[in-house]
Structures are given as C-alpha cells and as structure tokens.
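Each remark here refers to the structure printed beneath this line.
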Amino acid sequence: MGKKPSVILVREWEQQLSGSGCCGRLEGDFVVCGEGPVFAERRAVMERMGPVYRAVRERFGDDVELQVIDPRNAGLLITLLVDFWRFRVRPRTALATLFGLPKQGVIVNGELVDKSPYPDSERVLAAVALARALPLEAVR
C-alpha cells in the first residue's frame with residue numbers, strides 16, 4: 001500500500017495555556033474564577049476536534065498516522081517539514097499550509113484541508129480516503 005497517510009489535528013493543549021516550561025503549566029480546568037473554569041472557551045475549542053479524531057481513528061485505525069499537535073509547539077513545524085518532504089508537497093501548497101494555519105486545523109499529507117472553527121469530519125475522512133487513493137465508500 002505504500003506510505004501511511006499523515007493526519008495532523010492542530011489544536012491547543014490545555015497544559016500549555018499558561019506559558020512555557022514545566023513550572024508554568026496549568027493542567028485541566030481546575031483553575032476556577034467566579035462561576036466557571038478560567039479557560040472554558042479554550043476547552044470548547046479543543047473539544048471540537050474530538051469527533052474528527054474519533055471518526056478518523058474508527059474509519060482508518062492504524063492505517064493512518066494520526067497526531068494531535070498544539071500550534072505553539074515547535075514540533076509542529078518540524079512535523080510539517082517532514083510531511084512536505086515525504087509526500088512531495090508542492091511549494092505553493094506548503095506555503096499555503098504554513099501561513100494559512102489557524103490555532104485549529106486539520107492537515108492531511110502536508111495540505112491544510114480544514115481550518116474552520118468546527119472541523120467537518122466528513123471532509124477530513126474524504127481527504128484521508130483520497131490520500132489513500134480509495135473511494136470513501138470503500139472504507140465505510
């Protein structure tokens with residue numbers, strides 16, 4: 001079958017909300033101010049990626065490399081560069097991915113396929129199926 005498709009779900013991790021290093025992290029929503037968690041809006045954004053993760057994992061299992069990476073993590077850049085090389089992404093597409101990436105998005109084989117506030121699982125599944133060179137119906 002060749003190379004496994006690479007699926008990168010870009011979303012913030014709550015462990016990095018307060019800044020850097022091991023001494024500056026706030027884990028979970030245990031920080032409360034007034035009526036609710038301080039970072040409730042971030043938690044809502046993070047949870048939007050859950051259905052996409054589950055859909056990809058359920059549909060393709062271990063036939064894809066599925067990663068969740070914080071956009072503030074330098075490892076994202078390295079992972080993208082590796083994918084650009086590995087999947088021979090055209091320079092224009094690579095630049096569009098690098099400069100078009102918001103705080104939340106989905107990248108398949110080095111190409112940004114969804115950067116909406118509510119990522120569409122079906123769009124991502126179709127992109128992964130295309131990356132695997134299979135019709136979407138064949139993997140259902």
Side-chain angles (χ1 to χ4, degrees):
M1 176 171 126
K3 302 176 227 177
K4 288 183 181 182
S6 170
V7 179
I8 302 171
L9 306 179
V10 179
R11 67 141 175 97
E12 292 181 317
W13 286 81
E14 58 191 357
Q15 289 88 354
Q16 293 184 356
L17 285 174
S18 67
S20 63
C22 62
C23 299
R25 293 176 185 232
L26 300 175
E27 293 197 27
D29 278 338
F30 73 90
V31 181
V32 177
C33 180
E35 296 295 315
V38 173
F39 302 118
E41 72 285 349
R42 298 253 173 108
R43 168 53 90 180
V45 168
M46 290 172 6
E47 287 175 353
R48 292 178 195 151
M49 200 61 79
V52 177
Y53 181 91
R54 285 189 300 276
V56 171
R57 186 54 70 206
E58 288 170 9
R59 185 77 46 85
F60 299 103
D62 290 335
D63 291 337
V64 297
E65 292 178 10
L66 180 59
Q67 301 179 66
V68 180
I69 303 178
D70 190 292
R72 299 163 290 186
N73 186 333
L76 175 60
L77 179 60
I78 294 166
T79 302
L80 285 174
L81 293 174
V82 168
D83 278 0
F84 294 157
W85 175 260
R86 195 170 134 213
F87 297 103
R88 304 294 187 247
V89 176
R90 294 182 315 219
R92 175 176 263 163
T93 303
L95 289 173
T97 296
L98 283 173
F99 294 110
L101 188 62
K103 285 194 269 186
Q104 177 170 308
V106 180
I107 301 166
V108 176
N109 288 0
E111 185 171 347
L112 185 61
V113 296
D114 196 321
K115 62 178 184 176
S116 65
Y118 293 91
D120 180 27
S121 296
E122 287 301 315
R123 180 185 306 157
V124 174
L125 292 174
V128 175
L130 183 62
R132 295 180 74 222
L134 291 174
L136 185 57
E137 293 76 32
V139 293
R140 286 191 175 180

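Only a predicted model underlies this, so the values are computations on that prediction, with no experimental measurement involved.
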Legend entry - Single-linkage hydrophobic cluster, 4.5 Å side-chain cutoff, Leu130 and Phe87 together: no

Legend entry - ILVMFWY cluster, Leu125 and Tyr53 together (side-chain gap under 4.5 Å): yes

Legend entry - Any donor-acceptor pair under 3.5 Å from Asp114 side chain to Asp120 backbone: yes

Legend entry - side-chain contact (heavy atoms from CB on, under 4.5 Å) evaluation trace for Leu77 with Leu98: CA-CA 8 Å; Leu77 179 60; Leu98 283 173; 3.8 Å; yes

Inset, instruction - Determine the minimum heavy-atom distance between Pro5 and Arg132, stating which atoms define it. - result: CG-CG, 3.2 Å

Inset, instruction - Over all heavy atoms of both residues, which pair between Ala94 and Val89 is shortest? Give the atoms and the distance, please. - result: N-CG1, 3.6 Å

Inset, instruction - Measure the spacing between CD1 of Ile8 and CG of Leu66 and express it to the nearest 0.5 Å. - result: 10.0 Å

Legend entry - Under 3.5 Å: donor-acceptor pair, side chain of Lys4, backbone of Asp62: yes

Inset, instruction - Supply the atom-to-atom distance Arg57 CZ to Asp63 CG, rounded to the nearest 0.5 angstrom. - result: 9.5 Å

Legend entry - More than 12 heavy atoms of other groups within 6.0 Å of Arg88 CZ: yes

Legend entry - Cluster check Val64, Met49: I/L/V/M/F/W/Y, side chain < 4.5 angstrom: yes

Inset, instruction - Starting at CG of Leu101, measure out to CG of Leu80 and round the result to the nearest 0.5 Å. - result: 7.0 Å

Inset, instruction - Nearest 0.5 Å please: distance from the CG atom of Leu76 over to the CD1 atom of Ile69. - result: 5.0 Å

Legend entry - Backbone N/O of Glu111 and side chain of Thr93: donor-acceptor pair under 3.5 Å: no

Legend entry - Gap between atom CZ of Arg86 and atom CG of Leu81 - 0.5 Å precision: 13.5 Å

Legend entry - ILVMFWY network linking Val10 to Val113, side-chain heavy atoms under 4.5 angstrom: no

Legend entry - Same apolar cluster (I L V M F W Y, side chains within < 4.5 Å links), Val52/Ile107: no

Legend entry - Asn109 side-chain N/O to Ser6 backbone N/O, donor-acceptor pair under 3.5 Å: yes

Legend entry - Spatial distance of atom CZ (Phe84) from atom CG (Leu95) [nearest 0.5 Å]: 8.0 Å

Legend entry - Contact summary for Thr97 and Gly110, nearest pair of heavy atoms: OG1-O, 3.0 Å

Inset, instruction - Return the minimal non-hydrogen interatomic distance between Pro117 and Arg48, and the atom names on each side. - result: O-CD, 3.0 Å

Legend entry - Within 6.0 angstrom of Arg90 CZ, more than 12 heavy atoms from elsewhere: no

